[in-house]
Protein chains: 2
Amino acid sequence: MYGQFCPVSKAMEVLDERWTMLVVREMLLGSTRFNELRRGVPRMSPALLSKRLASLERAGVVRREGAGVRTSYHLTQAGEELGPIVDALGVWGMRWASELGDQDLDPHLLFWDMRRTTPVEKWPRERRTTVAFELDDVPPKVARWWLVVSGGETDVCDFDPGFEVDARVLTGLRPLTHVWRSDWSWPSALRKGVVRIEAPTELRRALPDMIGHSNVAELMQNA
Amino acid sequence: MYGQFCPVSKAMEVLDERWTMLVVREMLLGSTRFNELRRGVPRMSPALLSKRLASLERAGVVRREGAGVRTSYHLTQAGEELGPIVDALGVWGMRWASELGDQDLDPHLLFWDMRRTTPVEKWPRERRTTVAFELDDVPPKVARWWLVVSGGETDVCDFDPGFEVDARVLTGLRPLTHVWRSDWSWPSALRKGVVRIEAPTELRRALPDMIGHSNVAELMQNA
DNA sequence: CTGTATCCATGGCGATACTG
DNA sequence: CAGTATCGCCATGGATACAG
């Protein structure tokens, strides 16, 4: 492909195809099923995802388990060892490619990402807690979201689940994305009013910690 | 491009295009001029290299200096910070993508790589030393190479420079590449006879160290 | 030496629909 | 749920020539 013996080029032959690293990222984050992976790369066509999974399997990065209706995908040792590289790419991206166009904002991805890393141990243990988000800078169809934590499980809905709402977060997709990425801190976002929380005082104060940050934001702090 | 706010995807928007990482690798290794870069990515067309350099400049990874006949390219801070990622990709490639097809072997690249990392301090200081390489598994046109170290400078020729030859290395492109990458150790290669050195005893024993290893091989040892 | 210009073929990939 | 099938465009990028 590149015609070079250099191991960097051999690595990039496997990894530089469009979408490939994002699929690996999804698997590092724990996705194993086809449609689970699709949620992490929604703009990728299923045909292409299938093709990439096959490539990665051939390259020894992914192992396919089961077949037909119960197929799952797992990283091999080679795949797991891409973890530090993906992390480093994330840190580099935060530092040097942090300008987000409107095209980069996607509420489905944002809440899907929030769902999987919600620190449930910071939420009330014994009762269900529902937080409603209202985004003022997107079409009405995708403006309302509900985050429900109950029994140590997190759910996200883009429709009203009908539960009593414990807190409302009034903001926009862009501010919420920046806060989630830790481009903006919660305090400054609240101070500027680009994010507003309506809830009883205690919950209002605790909510930023309960929502947390994207895992790349965590990496930045440790670096 | 990917439509994701995730910094990994933003990073890959800059880095996942074909050849891009190899251009960055060349710059990390010190190349600054257009034709110098070309030697490191000989299968890349000049038009495409030009295009990639422009992209990297737009992305803030590369800074162009001068213009016209004396242009040079330098990594910015963002570019330098790709160093650890490229290193990690190299280590990963050594571990998990080390099978080399015949297409991956290239004597020009091999000797160009050897030239730039030759540990000249291990070579005789006061006199010129010439090592002739003869490869038995490639067309005659690219089978003979000369490595000349003189006055702390290394030169590589694909034609007979006419100097007295101090050592001859008889091998093939594939074995030499594997030894250079440290896939095979010098001692085992010599023992198996896939590499032969003809030289006075002292030089014969010292030559492996004088030639050294690819810089990725060094990284592997430190990991 | 440092690129640009041009051309063309290939196939990557996006979109959509459909199937076991 | 887990993919395949099909289609068609357009952009990528390989090759070559040439220009300042």
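Sequence lines set the chain letters: A, B, ... in the order given, protein chains first and strands last, and positions in each chain run from 1.
Checking A/Arg43 against A/Pro46, the closest nucleotide of DNA chain C that is more toward the 5' end is the one next to A/Arg43. Take the nearest nucleotide of DNA chain D for A/Arg70 and for A/Ser50: the residue whose nucleotide is more 5' is A/Arg70. Nearer the 5' end of DNA chain C, as judged by each residue's closest nucleotide, is the contact made by B/Asn35, out of B/Ala47 and B/Asn35.
The distance between atom CG of A/Leu37 and atom C1' of D/dC1, rounded to the nearest whole Å, is 13 Å. Between the C1' atom of C/dG20 and the CZ atom of A/Phe34 lies a distance of 14 Å, rounded to the nearest Å. Following rounding to the nearest Å, A/Gln103 (CD) and C/dG14 (P) show an atom-to-atom distance of 14 Å. Following rounding to the nearest Å, A/Leu53 (CG) and D/dG3 (P) show an atom-to-atom distance of 8 Å. The CE-C1' distance, from B/Met44 to D/dT16, rounds to 17 Å in whole Å. Counting to the nearest Å, the C1' atom of D/dA11 and the CG atom of B/Leu48 are 12 Å from each other.
Between A/Thr71 and D/dG3 there is a side-chain N or O to OP1 or OP2 distance below 4.0 Å. Proximity of A/Lys51 to the phosphate of D/dT4: no side-chain N or O atom is located under 4.0 Å from OP1 or OP2. Note on B/Tyr2: every side-chain N or O is 4.0 Å or more away from OP1 and OP2 of C/dC13. Residue A/Ser45 places none of its side-chain N or O atoms closer than 4.0 Å to OP1 or OP2 of C/dA15.
For the pair A/Arg52 (side chain) and A/Arg18 (backbone), a donor-acceptor distance under 3.5 Å is present. Side-chain N or O atoms of B/Thr76 include one that pairs as donor or acceptor with a backbone N or O of B/Gly60 at under 3.5 Å.
Side-chain contact check for A/Met21 versus B/Asp16: every heavy-atom pair is 4.5 Å or farther apart.
Taking the centre of each ring, A/Phe159 and A/Trp146 stay at or above the 6.0 Å mark.
Contacts between residues 6-24 of chain B and DNA chain C, defined by a heavy-atom separation under 4.0 Å, are absent.
Within 4.0 Å of B/Arg38, counting heavy atoms only, lies no atom of the nucleic acid at all.
Using the six-membered ring where Trp is involved, A/Trp184 and A/His178 have ring planes that are parallel, under 30° apart on the 30 and 60° scheme. Under the 30°/60° scheme for interplanar angles, the aromatic rings of B/Trp145 and B/Phe111 are found to lie parallel.
Taking the centre and axis of the six-membered ring of A/Phe163, the NZ or CZ atom of A/Arg128 falls inside the cone set by 45° and 6.0 Å.
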